[in-house]
Amino acid sequence: MKRIDLHTHSLLSDGELVPSELARRAEHLGHGVIAITDHVDRSNIELVVKSMAKAASELNRYMDIQVVPGVELTHIPVQTIARLAKLARRLGAELVLVHGETTVEPVHAGTNDVALACSEVDILAHPGLMTPEQADRARQAGIYLELTSRRGHCIANGWVARVASEAKAKLLVNTDAHSPDDIWPASRLHEIVVGAGLTGDDYQTMLKNAENIVQRCLT
Ligand SMILES: [Zn+2]
Ligand SMILES: [Zn+2]
């Protein structure tokens, strides 16, 4: 099974690479699919989504890797999450992430709750010290929860793994890559999953979850 990463950044926000180089480096490391999910708020959502959708459609004509244009709604006021998620979708985003309440940043309180109530959201990224009730709502809403290899954001991986498992919410493991060194091969992501207290079987399930979400995005 080829690796799928559903959370990365290009220089359309604060990543280091143009989408073409990010996609090529991921392809070279054995990825079958990469979602490029740049940070957006009201200032840049049109520019980023339209640019990324254009780049993805061109790359998908010539490359073996599948490039999915997405967004990460980041640090936006909670009152605007649903509206901007819809707008992102309308502009051409096939995958909508919300930047969750990590333990290392002043993300607006309530972001996790509002994201979990929004039908346009696919993934609640690095949700931090989310509650068991929130994990249960993620399961009900079909919103995927994320373990991450990103420094700082990964502090709560063990907790997220535990509450998601208890609630039977679906998990993914992504890199949140911003630079070439952040694009990890499958073996290292397996360590992230096991390091969070889960098993090799859980890792396989997470790979299937990633495949399912790609199917859902592209249909
Ligand atoms: Zn984020
Ligand atoms: Zn991110």
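Keep in mind that what you see is a predicted model, and the values were worked out from it rather than measured. Heads up: numbering here begins at 1 and tracks the sequence.
- Through chains of ILVMFWY side-chain contacts below 4.5 Å, Val104 is grouped with Ile155.
- Sorted by first and then second residue, the side-chain hydrogen bond (donor to acceptor under 3.5 Å, both in side chains) pairs with a member in residues 25-37 read Glu21-Arg25, Arg24-Glu27; sequence neighbours excluded.
- Considering only residues two or more places apart in sequence or on other chains, Ser149 meets the side-chain hydrogen bond (donor to acceptor under 3.5 Å, both in side chains) condition with none of them.
- One hydrophobic cluster, built from ILVMFWY side chains closer than 4.5 Å, holds both Leu84 and Leu116.
- With 3.5 Å as the limit, one finds a donor-acceptor pair spanning the side chains of Asp202 and Thr199.
- The hydrophobic clustering, which links ILVMFWY residues whose side-chain heavy atoms are closer than 4.5 Å, places Val33 and Leu172 together.
- Ile143 and Trp159 end up in the same hydrophobic cluster when Ile, Leu, Val, Met, Phe, Trp and Tyr side chains are linked at under 4.5 Å.
- Among residues two or more places apart in sequence or in another chain, the side chain to side chain contact (heavy atoms under 4.5 Å, CB included) test is passed with Cys118 by Ala82, Ala85, Glu120, Val121.
- For the side-chain hydrogen bond (donor to acceptor under 3.5 Å, both in side chains) condition, no pair includes a residue of residues 54-63, sequence neighbours left out.
- Rounding to the nearest 0.5 angstrom, the gap separating the OG1 atom in Thr102 from the CG atom in Asn112 is 9.5 Å.
- Under the 4.5 Å side-chain contact rule for hydrophobic residues, Ile45 and Val98 share a cluster.
- Put simply, the side chain of Thr8 gets close to the backbone of Ala35: a donor and an acceptor are under 3.5 Å apart.
- Every residue was checked against the salt bridge (charged side-chain N to carboxylate O under 4.0 Å, His left out) condition with Asp176, not counting sequence neighbours, and none meets it.
- Residues Leu95 and Ile213 have side chains in contact (heavy-atom distance under 4.5 Å, counting atoms from C-beta outward).
- With values rounded to the nearest 0.5 angstrom, Leu6 atom CG is found 10.0 Å from Asn209 atom CG.
- Nearest heavy-atom pair, Val107 versus Gly100, reported as atom, atom and distance to 0.1 Å: CG2-O, 3.5 Å.
- Counting heavy-atom neighbours within 6.0 Å of Arg162 CZ, excluding the residue itself, gives a total of 12 or less.
- Listed for the Asp41 side chain is no donor-acceptor partner under 3.5 Å among the backbone atoms of Ile76.
- What you find for Ala88 and Val49 is that their closest heavy atoms are O-CG1, 3.8 Å.
- Shortest non-hydrogen contact noted between Gly92 and Pro69 is O-CG, 3.8 Å.
- How far CZ of Arg89 is from CD of Glu94: 9.0 Å, rounded to the nearest 0.5 Å.
- Contacts of Val114 classified as side chain to side chain contact (heavy atoms under 4.5 Å, CB included), with partners at least two apart in sequence or in another chain: Val78, Ile81.
- Residues Val67 and Ala23 approach most closely at CG2-CB, 3.9 Å, considering heavy atoms.
- Partners of Ala164 under the side chain to side chain contact (heavy atoms under 4.5 Å, CB included) rule, at least two apart in sequence or in another chain, are Leu145, Ala169, Leu171.
- In this structure, Ser10 and Asp38 approach most closely via the heavy-atom pair OG-OD2, 2.7 Å.
- Between Lys2 atom NZ and Leu29 atom CG the span is 11.5 Å, to the nearest 0.5 Å.
- Clustering ILVMFWY residues whenever any of their side-chain heavy atoms sit less than 4.5 angstrom apart, transitively, puts Leu59 in a cluster other than the one holding Val18.
- Under the salt bridge (charged side-chain N to carboxylate O under 4.0 Å, His left out) criterion, Glu46 pairs with Arg42, sequence neighbours left out.
- Applying the ring pair (Phe, Tyr, Trp, His ring centres under 6.0 Å) test to every pair with at least one member in residues 114-135, sequence neighbours left out, gives these pairs: His7-His126, His99-His126, His126-His153.
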- prompt: So Met52 and Leu91, side chain to side chain contact (heavy atoms under 4.5 Å, CB included) or not? Walk me through it.
  reply: CA-CA 10 Å; Met52 194 53 238; Leu91 290 166; over 6 Å; no
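- For Asp136 (side chain) and Glu133 (main-chain N/O), no donor-acceptor pair under 3.5 Å exists by modelled atom type.
- Applying the side-chain hydrogen bond (donor to acceptor under 3.5 Å, both in side chains) rule to pairs touching residues 73-87 yields His39-Thr74, sequence neighbours excluded.
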Do any side-chain atoms of residues 182-197 form donor-acceptor pairs under 3.5 angstrom with protein atoms, and if so which ones, sequence neighbours left out?
| from | atom 1 | to | atom 2 | distance (Å) |
| --- | --- | --- | --- | --- |
| Asp182 | OD2 | His178 | N | 2.9 |
| Asp182 | OD2 | Ser179 | N | 3.1 |
| Asp182 | OD2 | Ser179 | OG | 3.3 |

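- The CG atom of Leu124 lies 8.5 Å from the CD atom of Glu146; values are rounded to the nearest 0.5 Å.
- With rounding to the nearest 0.5 angstrom, the CG atom of Leu207 is 7.5 Å from the CD atom of Glu211.
- Under a 3.5 Å cut-off, the side chain of Asn157 and the backbone N or O of Thr148 do form a donor-acceptor pair.
- Using a 4.5 Å heavy-atom threshold, the side chains of Pro19 and Leu12 count as touching.
- Nearest heavy-atom pair across Ala161 and Leu147 is N-CD2, 4.0 Å.
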- request: Determine, step by step, whether Ser165 and Leu198 satisfy the side chain to side chain contact (heavy atoms under 4.5 Å, CB included) criterion, reporting the C-alpha distance in whole Å, the side-chain angles of both residues, the deciding distance to 0.1 Å, and the verdict.
  value: CA-CA 9 Å; Ser165 297; Leu198 298 175; 3.5 Å; yes
